[in-house]
A.B. asks: 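My questions will all concern the structure given below.
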Amino acid sequence: MKRKLGCCTWIFGDTELSVTARHARKAGLDGVELFGDIRRTDPVQARNILENEGLTVFSITPGDADISHPDEEIRNKALAYYDALMDWAVELGNPLISCHGQVTRIKPVSSQEDEDGLLIDATRQICGYAQKRGLSVVFEILNRYETHQVRTVQEGLKLLDAVGAGNLKLLPDAYHMNIEEQNPAAALLSGGESVGLYHAADSNRAGVGEGHTDFSAQIQALDQINYTGPVIFEVNAPGPNPFTPDKGTGFRDIVEAQLQKSVRGFRALAS
């Protein structure tokens with residue numbers, strides 16, 4: 001199966017979308033996961049820019065939004081962002097909406113039990129916002145250095161059961177699975193039809209083939225569960241601070257080269 005391949009626009013940092021789109025097109029990609037900057041990005045203009053480079057908007061990755069924070073004001077602000085994000089996404093052609101807790105918050109403010117309950121309730125509300133617009137949602141599974149909630153596919157499946165929304169699936173990421181899963185390919189198999197989107201970066205968050213991740217096994221697992229969606233590369237240039245893609249002069253060219261290698265490597269393994 002020749003899968004559609006894309007990248008997160010976040011990995012190119014704070015730059016004009018037209019520049020990011022050219023990098024993605026030169027890397028040989030089919031589309032993008034667009035960063036959900038609803039204040040600064042006009043959706044109609046963004047769609048035109050991407051379409052002019054032959055790129056589709058596959059999915060949306062959210063900005064900062066702490067949907068499980070015990071402070072009601074913080075939580076409501078996060079939910080209001082997602083509500084607005086849905087209208088923004090409709091104008092982009094109804095892509096998948098990714099959601100997760102606040103990246104960088106790695107421990108509870110109140111208690112794990114309380115915040116897990118808040119996460120379930122907030123995710124249910126987000127799915128409701130999406131349902132009203134005919135959109136689907138994927139919950140991204142992160143690692144312990146980025147979140148204190150939902151770090152494995154099994155935890156994700158429990159979340160799906162608790163939320164009970166028909167338009168909610170999971171987003172496993174090869175980089176995060178390398179940290180949290182005993183066997184990433186087996187984790188994908190356990191996710192089965194609940195896998196709604198898949199992210200890829202090697203064990204060092206570089207391009208496919210630059211680390212020790214067994215992508216052949218993961219591709220086979222995706223085939224076995226009949227996953228037909230795109231593969232979204234979320235690679236980073238080498239350097240400290242995992243919460244910013246900007247690693248200094250020339251990092252965008254490094255990222256483009258990693259994407260090119262990822263496209264070649266993934267195509268070769270999938271053939």
Side-chain angles (χ1 to χ4, degrees), residues 2-64 85 88-89 91-93 95-98 103 138 140 171 173-176 197-211 213 215 229-270:
K2 185 176 180 181
R3 301 184 186 280
K4 297 290 187 181
L5 303 179
C7 74
C8 298
T9 59
W10 174 85
I11 64 179
F12 287 102
D14 188 14
T15 189
E16 294 292 331
L17 182 59
S18 58
V19 175
T20 295
R22 287 195 294 272
H23 280 293
R25 187 252 307 158
K26 287 170 64 180
L29 298 174
D30 304 298
V32 300
E33 178 170 287
L34 186 62
F35 179 61
D37 188 348
I38 61 176
R39 291 184 177 179
R40 297 197 304 167
T41 305
D42 178 87
V44 175
Q45 184 181 36
R47 186 174 180 178
N48 289 336
I49 289 171
L50 293 165
E51 287 180 349
N52 286 340
E53 295 291 350
L55 301 169
T56 299
V57 182
F58 294 131
S59 50
I60 304 297
T61 193
D64 289 341
L85 183 68
W88 187 80
E91 295 194 70
L92 285 159
L96 285 171
I97 305 296
S98 170
V103 174
V138 287
E140 183 169 8
L171 166 47
D173 181 304
Y175 169 72
H176 299 303
L197 190 62
Y198 171 76
H199 278 187
D202 218 317
S203 56
N204 51 4
R205 210 164 191 178
V208 171
E210 296 188 17
T213 297
F215 279 105
V231 171
I232 305 294
F233 297 118
E234 193 174 12
V235 301
N236 269 199
N241 190 352
F243 303 117
T244 176
D246 189 342
K247 308 300 185 182
T249 303
F251 83 93
R252 294 183 183 89
D253 293 329
I254 294 172
V255 168
E256 183 188 310
Q258 288 183 346
L259 289 173
Q260 289 175 339
K261 184 171 184 178
S262 296
V263 170
R264 292 194 301 270
F266 212 90
R267 292 286 189 223
L269 289 171

A.B. asks: Pick out which of T61, L96, V138 makes a side-chain contact (heavy atoms from CB on, under 4.5 Å) with L171.
C.D. replies: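 One option only clears the test, and that one is V138.
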A.B. asks: Output all residues satisfying side chain to side chain contact (heavy atoms under 4.5 Å, CB included) with P238, sequence neighbours left out; order by chain, then residue number.
C.D. replies: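 Side chain to side chain contact (heavy atoms under 4.5 Å, CB included) list for P238, sorted by chain: I254, Q258.
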A.B. asks: For D173, give me all partners under salt bridge (charged side-chain N to carboxylate O under 4.0 Å, His left out), at least two apart in sequence or on another chain.
C.D. replies: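 For D173 there are no salt bridge (charged side-chain N to carboxylate O under 4.0 Å, His left out) partners, ignoring immediate neighbours.
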A.B. asks: I'd like to check H199 versus E140 (side-chain heavy atoms, cut-off strictly below 4.5 Å). Are they in contact?
C.D. replies: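 Yes, their side chains come closer than 4.5 Å.
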A.B. asks: N48: which residues meet the side chain to side chain contact (heavy atoms under 4.5 Å, CB included) condition with it, sequence neighbours left out?
C.D. replies: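 Residues passing side chain to side chain contact (heavy atoms under 4.5 Å, CB included) with N48: V44, E51.
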A.B. asks: Got a sec, which residues hit side chain to side chain contact (heavy atoms under 4.5 Å, CB included) with R39, two or more places apart in sequence or on another chain?
C.D. replies: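 In terms of side chain to side chain contact (heavy atoms under 4.5 Å, CB included), with neighbours along the sequence ignored, R39 is linked to D37.
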A.B. asks: I'd like to check the salt bridge (charged side-chain N to carboxylate O under 4.0 Å, His left out) partners of E91; sequence neighbours left out, ordered by chain and number.
C.D. replies: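 Not a single residue meets the salt bridge (charged side-chain N to carboxylate O under 4.0 Å, His left out) criterion with E91.
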A.B. asks: Enumerate the residue pairs fulfilling side chain to side chain donor-acceptor pair (under 3.5 Å) with a member in residues 6-18, sequence neighbours excluded, ordered by first and then second residue.
C.D. replies: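 Matches after skipping sequence neighbours: D14-R40.
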A.B. asks: State which residues pass side chain to side chain donor-acceptor pair (under 3.5 Å) with Y198; sequence neighbours excluded, sorted by chain then number.
C.D. replies: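 Checked Y198 against side chain to side chain donor-acceptor pair (under 3.5 Å); matches are Q218.
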A.B. asks: Could you go through D30 and R267, starting from their C-alpha distance and side-chain angles, then the distance that decides it, and tell me whether this counts as salt bridge (charged side-chain N to carboxylate O under 4.0 Å, His left out)?
C.D. replies: CA-CA 13 Å; D30 304 298; R267 292 286 189 223; 3.4 Å; yes
A.B. asks: Just jot down the side chain to side chain contact (heavy atoms under 4.5 Å, CB included) partners of D246, sequence neighbours excluded, or say none.
C.D. replies: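 Once residues adjacent in sequence are excluded, the partners of D246 under the side chain to side chain contact (heavy atoms under 4.5 Å, CB included) criterion are T244, F251.
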A.B. asks: So F12 and H23, ring pair (Phe, Tyr, Trp, His ring centres under 6.0 Å) or not? Walk me through it.
C.D. replies: CA-CA 9 Å; F12 287 102; H23 280 293; 5.0 Å; yes
A.B. asks: Test of understanding: with salt bridge (charged side-chain N to carboxylate O under 4.0 Å, His left out), list the residues that count as partners of E53, not counting sequence neighbours.
C.D. replies: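 For E53, the residues satisfying salt bridge (charged side-chain N to carboxylate O under 4.0 Å, His left out) (neighbours in sequence not counted) are R25.
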A.B. asks: Among all residues two or more places apart in sequence or in another chain, which pass the ring-ring contact (aromatic ring centres under 6.0 Å, His included) test with F58?
C.D. replies: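 In terms of ring-ring contact (aromatic ring centres under 6.0 Å, His included), with neighbours along the sequence ignored, F58 is linked to no residue.
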A.B. asks: At their closest point, which heavy atom of I60 faces which heavy atom of A89, and how far apart are they?
C.D. replies: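 Result for this residue pair: CG1-CB, 4.4 Å.
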A.B. asks: How would you list, by chain and number, every residue that makes a side chain to side chain donor-acceptor pair (under 3.5 Å) with T56, sequence neighbours excluded?
C.D. replies: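 None.
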A.B. asks: For D64, check side chain to side chain donor-acceptor pair (under 3.5 Å) against everything at least two apart and list the hits.
C.D. replies: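 Partners of D64 under the side chain to side chain donor-acceptor pair (under 3.5 Å) test: Q102.
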